[in-house]
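These numbers come from a predicted model, not from an experiment. Because only heavy atoms are used, hydrogens play no part in the values below, and waters and symmetry mates are left out as well, while side chains stay in.
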Amino acid sequence: MAAVGSPCEDELLCPRCSDIYCFPVLLQCGHNVCRVCLQKFWEWKGCRECPVCRAVSIPERPPINLALKIAADKYQGKRGNKNEEVCCLHNERLKIFCQNDEQPICLVCQMSVRHRVHECFPVEEAAKEKKKEISSVLDSLRKKLGMLKKTKDQWQETKNHIQNQTIQGEQAIKGEFQKLRLFLEEEEKTRLKVLRQERDIKTQVMSEKLKSIEAQIDKLSSTIVDVEAALREKDLPFLQEYKETKKRLKRNIQEPECIRDILINTAKHLGQLKYEVWKKMVNIVRYVPVTLDPNTAQSNLKFFYELTSVQYSSKQPLPDNPERCTTRVCVLGATSFTSGKHSWTVDVGIGKEWYIGVAAESIKRKSVIFLNPSEGFWVISLSNSDTYWAHASSRTKLQLKLKPARVTVKLDYEKGKVVFVNTVDSSIIHTFSDRFTERLFPYLSPGICQGEKMSVPLTICPLRITVDVE
């Protein structure tokens, strides 16, 4: 080897990796190899051979060639100070881009052992192609940024709605407790505390979710700004920073999670409120077998009587949470069934249109659907004030002797039957027979009206309560 004090480039290249020496070790045969390269070679060969001449070394650890290491380190330092447009090994202009190593090289590098079999392109051609590649990925990031911002707005809307639900819940709770003030002051305080605790917890959850998504947006925005700046660079500087730019684009951007059951559980706080204290105020208690869930309701519906009556109304600004039905003017019950026999009676009044029955948990809530059993609905309806229908696989017109003012829905989960009975004369209106495999919910829809004054509510009828004292 030539004097180590002023070595040429070839003398500083490892015979294994063809790169500048990194911790060169000196073998007994006189050849130098990078320590890491030698260790990998020995593990591959299963013996301590020299990678150059195949001479076998003694079991001792080969020493580091300190002089060669100093020379290589000095060369690396000079290499970093050279003109960035010139090859540090051959002092030639960087006119070629190596596709395999993803870095600019000179013509001499292209003919070297390291790059001879690599796929190479002119810098101008490679820069055009790589900028196109980066731009494509950047477009995807922009779309994700838009999605994140849209989700943030939706979550902010949800957070605001939680606050509104809390206010409305407080008003309803106070209204009910006003009637029971002398007996139920302590109960009122307890329920308000539970409601506000849920508000605090769920508001905190949404605050943390919003904080998290804002952090993602800031991080992604920063990345996009950096990449856009890189794309504005000239070809060669762009390619020189290409690896780092590409690494930034590989950051894992998680899809916004679908936050379920985040809204205030209004049914828990308002449903069956009087029944919960019936032992104290049994004479004025109402017990209804089914409570409606406003978190599933379409935005044109409003509720009365402890969430047991629903009516068509003007549209309200509500969050599009996963549980909400948006394509049909309907609401599901907060009560659900997976077994047993159940029944409830609906006061349909004198409305011109209504739909009542049972719906499966898996129904499509955000897209247009047909009301038939194959879609998860077992429903009858009234249209045009006098025409009754059973929504089976094909809609069937029903012939009724007596127009019902109240309809009782009887569900037998195990037998797979849903029976509709005219409560006035106990005559059967229609029977569905099927096989149930999932959770079922009461289904109500008061139909669409010209205006709120024309709408007629659907009301779940209360049951009679008796208390036997021995």
So, [X] versus [Y]: side-chain donor-acceptor pair below 3.5 Å or not?
X	Y	result
Q99	K130	yes
S433	K417	yes
S383	W389	yes
E306	T291	no

Hey, could you give me the [atom1]/[atom2] distance between [X] and [Y], rounded to the nearest 0.5 Å?
X	Y	atom1	atom2	value
R191	L270	CZ	CG	9.0 Å
I264	L195	CD1	CG	6.0 Å
M147	I217	CE	CD1	10.0 Å
I380	I356	CD1	CD1	5.0 Å

Please lay out, stage by stage, how E241 and K246 fare under the test salt bridge (Lys or Arg N to Asp or Glu O under 4.0 Å).
CA-CA 9 Å; E241 294 296 325; K246 186 176 180 181; over 6 Å; no
Is the backbone of [Y] close enough, under 3.5 Å, to the side chain of [X] for a donor and an acceptor to pair up by distance?
X	Y	value
R324	P319	yes
K40	R35	no
N384	T387	no
N321	N295	yes
D19	C14	no
T151	P256	no
K202	L263	yes
T296	L332	yes
R365	R328	no
E102	K243	no

side-chain hydrogen bond (donor to acceptor under 3.5 Å, both in side chains) for S299 and Q316? Distances and angles first, verdict last.
CA-CA 5 Å; S299 57; Q316 308 168 68; over 6 Å; no
With under 30° as parallel and over 60° as perpendicular, where do the rings of F41 and W44 fit, or are they tilted in between?
tilted
Below 30° counts as parallel, above 60° as perpendicular, anything between as tilted: where do the rings of Y413 and F436 land?
tilted
With a 6.0 Å cut-off (strictly less than), is the heavy-atom count around [atom1] of [X], excluding the residue itself, greater than 12?
X	atom1	result
F370	CZ	no
E170	CD	yes
K219	NZ	no
F23	CZ	no
I428	CD1	no

Would you mind writing out the side-chain donor-acceptor pairs for residues 336-346 within the sub-3.5 Å range, not counting sequence neighbours?
unit_1 : atom_1 : unit_2 : atom_2 : d
S336   : OG     : R439   : NH1    : 3.0
H342   : NE2    : S339   : O      : 2.6
T345   : OG1    : T408   : OG1    : 2.8

Presence of salt bridge, [Y] and [X], under 4.0 angstrom:
X	Y	answer
D101	R114	yes
E214	K152	yes
D139	R142	yes

Going by side chain to side chain donor-acceptor pair (under 3.5 Å), W378 matches just one of T431, D434, N372. Which one?
D434
For Y242, which of K247, K131, E133 qualifies under side chain to side chain donor-acceptor pair (under 3.5 Å)?
E133
Dump the intermediate steps for side chain to side chain contact (heavy atoms under 4.5 Å, CB included) on Y355 and H391, then the final yes or no.
CA-CA 10 Å; Y355 301 80; H391 295 264; 3.9 Å; yes
Do D386 and K352 pass the salt bridge (Lys or Arg N to Asp or Glu O under 4.0 Å) test, and can you show the C-alpha distance, the side-chain angles, and the key distance before you say yes or no?
CA-CA 8 Å; D386 58 1; K352 295 182 178 180; over 6 Å; no
Test Y312 against E353 for side-chain hydrogen bond (donor to acceptor under 3.5 Å, both in side chains), laying out the working first.
CA-CA 11 Å; Y312 184 85; E353 180 182 359; over 6 Å; no
Take H118 and Q110 through the side-chain hydrogen bond (donor to acceptor under 3.5 Å, both in side chains) test and state the conclusion after the steps.
CA-CA 8 Å; H118 289 181; Q110 185 183 13; over 6 Å; no
Under the criterion side chain to side chain contact (heavy atoms under 4.5 Å, CB included), I'd like the reasoning laid out for T266 against Q165: C-alpha separation, chi angles, the key distance, then a yes or no.
CA-CA 8 Å; T266 310; Q165 281 188 302; 3.4 Å; yes
Applying the side-chain contact (heavy atoms from CB on, under 4.5 Å) criterion to P457, which one of S313, S309, P446 satisfies it?
S309
Are the side chains of E375 and L371 in touch, meaning some heavy atoms are under 4.5 Å apart?
no
Using the salt bridge (Lys or Arg N to Asp or Glu O under 4.0 Å) rule, take R406 and D347 through it: C-alpha gap first, then chi angles, then the decisive distance, then the call.
CA-CA 4 Å; R406 294 185 175 186; D347 188 335; 3.8 Å; yes
Are F377 and Y443 close enough that their ring centers fall under 6.0 Å?
yes
Test C120 against I105 for side chain to side chain contact (heavy atoms under 4.5 Å, CB included), laying out the working first.
CA-CA 9 Å; C120 299; I105 60 175; 4.0 Å; yes
Chi angles and distances behind the side chain to side chain contact (heavy atoms under 4.5 Å, CB included) call for M206, I259:
CA-CA 9 Å; M206 288 309 305; I259 306 177; 4.0 Å; yes
